[in-house]
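Presented below is the structure to which this report refers.
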Amino acid sequence: MSIIIHEALRAYIDPLTEHEFTALERSILTEGCRDALVCWGDILIDGHNRYAICQRHNLPYNIVQNDNFSNIEDVQLWMIDNHLGRRSVTDFQRGMLALRKKEIVLARMKAQEEQAPSDNAENEVAVPVVKPTQSRQEIARLAGISSNAVVQIEKIQKAAAPELVQAVRDGTISISAAAAIASLPNEDQVAAVAGGRKELQQAARQVREKVREQKAPAKAVAAASSDTAAPAAIEGRQDNASSNVGNADELSNLRQQVMHLQTENSELLSQIAALKAQLAG
């Protein structure tokens, strides 16, 4: 059986590093090609590195057919899920794979929406469009990483120079540090990568410090607003307290007036009773 190498599929998954490829080659030379290659018809869809090593050393290999695909996108989705299930895949690779899956799903969804009106017009039957949600939380769950890491990988994907992306893939720099450096101009990113690990760490540190400095004035304004509001609140409470004191004094005066009137009333009643007694006598 002749095997066809589909270049787009081979390039779809990140290649092994030199160290990983050497380790795989050593294993196959020692134990043989234990895992079968997977083909879709004549097209190789899994085992590109194993196939290359076996071809180089003229070693035998087994082939398993997987014909459960209707198009190349189905193959890509299968390749993504297959690689996400491997323990050797790094967090950065997992995030990139999950985001690639999102792109395929969204493209399919868009094509389905565009096709739906014409199909409905012919069949006169409303066909529901399946819209799988692709939130960062779901992408993170699919990749087995945090939502914050997904945000950082998206930033790297959009703004990082190819040299910086390769540095993350090689493990020279962390995802969070690369995301920080990705905010720099392209030439500054390339220069930081050329300087090595220490230069990359220094560049990431400087970016983070600059971000903190930019946030500091906003925090100061918020604190100042809080400080301005506090005296007003205290003054308001003092006004309320003064008002309450005034009300208490007024109530006390009223009570005294009532007692005075009651005393005068008692005296008047006594005088009336005495006058009545004199008249009766």
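Model, not experiment: these values are computed from the prediction. Hydrogens, waters and symmetry mates are skipped; everything else that's a heavy atom, side chains included, is used.
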Handout entry: I175 CD1 to M96 CE distance, which is reported to the nearest 0.5 Å
Key = 10.5 Å

Problem - L37 side chain reached by N62 side chain, heavy atoms, under 4.5 Å - result: no

Handout entry: Residues R10 and E7 bridged, charged N to O under 4.0 Å
Key = yes

Exercise for the section: To the nearest 0.5 Å, tell me how far F92 CZ sits from I173 CD1. Expected result: 11.0 Å

Handout entry: Heavy-atom side-chain contact between I5 and I3 under 4.5 Å
Key = yes

Problem - Min side-chain heavy-atom separation I72-L9 under 4.5 Å - result: yes

Exercise for the section: Kindly say whether T17 contributes a backbone atom to a donor-acceptor pair with the side chain of E20 at under 3.5 angstrom? Expected result: yes

Problem - Distance (rounded to the nearest 0.5 Å) between S88 OG and H83 NE2 - result: 8.0 Å

Practice task
Identify whether the distance between the nearest side-chain nitrogen and carboxylate oxygen of D81 and R94 falls below 4.0 Å.
Solution key: no

Exercise for the section: Side-chain contact test, heavy atoms from C-beta onward, threshold under 4.5 Å: evaluate it for M79 versus D46 and give yes or no. Expected result: no

Practice task
For residues 155-181, pull every pair meeting salt bridge (Lys or Arg N to Asp or Glu O under 4.0 Å), keeping only residues two or more places apart or in separate chains.
Solution key: D14-R169

Exercise for the section: Would you tell me whether S176 and R208 have side-chain atoms, one donor and one acceptor, within less than 3.5 Å of each other? Expected result: yes

Practice task
Spell out, as yes or no, whether a donor-acceptor pair under 3.5 Å connects the side chain of D74 to the backbone of S70.
Solution key: yes

Problem - Close side-chain approach of R197 to L200, heavy-atom, < 4.5 Å - result: no

Handout entry: With sequence neighbours excluded, residues passing salt bridge (Lys or Arg N to Asp or Glu O under 4.0 Å) with R56
Key = E25

Fill in the blank from the handout: The reported gap from CD1 in I104 to CD in Q76 (rounded to nearest 0.5 angstrom) is 4.5 Å

Problem - Check: W40 and N66 side chains under 4.5 Å, non-hydrogen atoms - result: no

Practice task
Mind checking the CZ-CD1 spacing from R141 to I145? Nearest 0.5 Å is all I need.
Solution key: 12.5 Å

Problem - Rounded distance (nearest 0.5 Å) linking atom CG of L77 with atom CG of L97 - result: 11.5 Å

Fill in the blank from the handout: Heavy-atom nearest pair, A143 first then L84, reads CA-CD2, 4.4 Å

Exercise for the section: Indicate yes or no: at least one non-hydrogen side-chain atom of I181 is less than 4.5 angstrom from one of L184. Expected result: yes

Practice task
Please check if atom CZ in R34 has more than 12 non-hydrogen atoms from other residues, nucleotides or ligands closer than 6.0 Å.
Solution key: no

Handout entry: Flag side-chain contact, heavy atom, 4.5 Å: Q55 against Y61
Key = yes

Problem - Exam field: side chain Q189 to backbone A159, donor-acceptor pair closer than 3.5 Å - result: yes

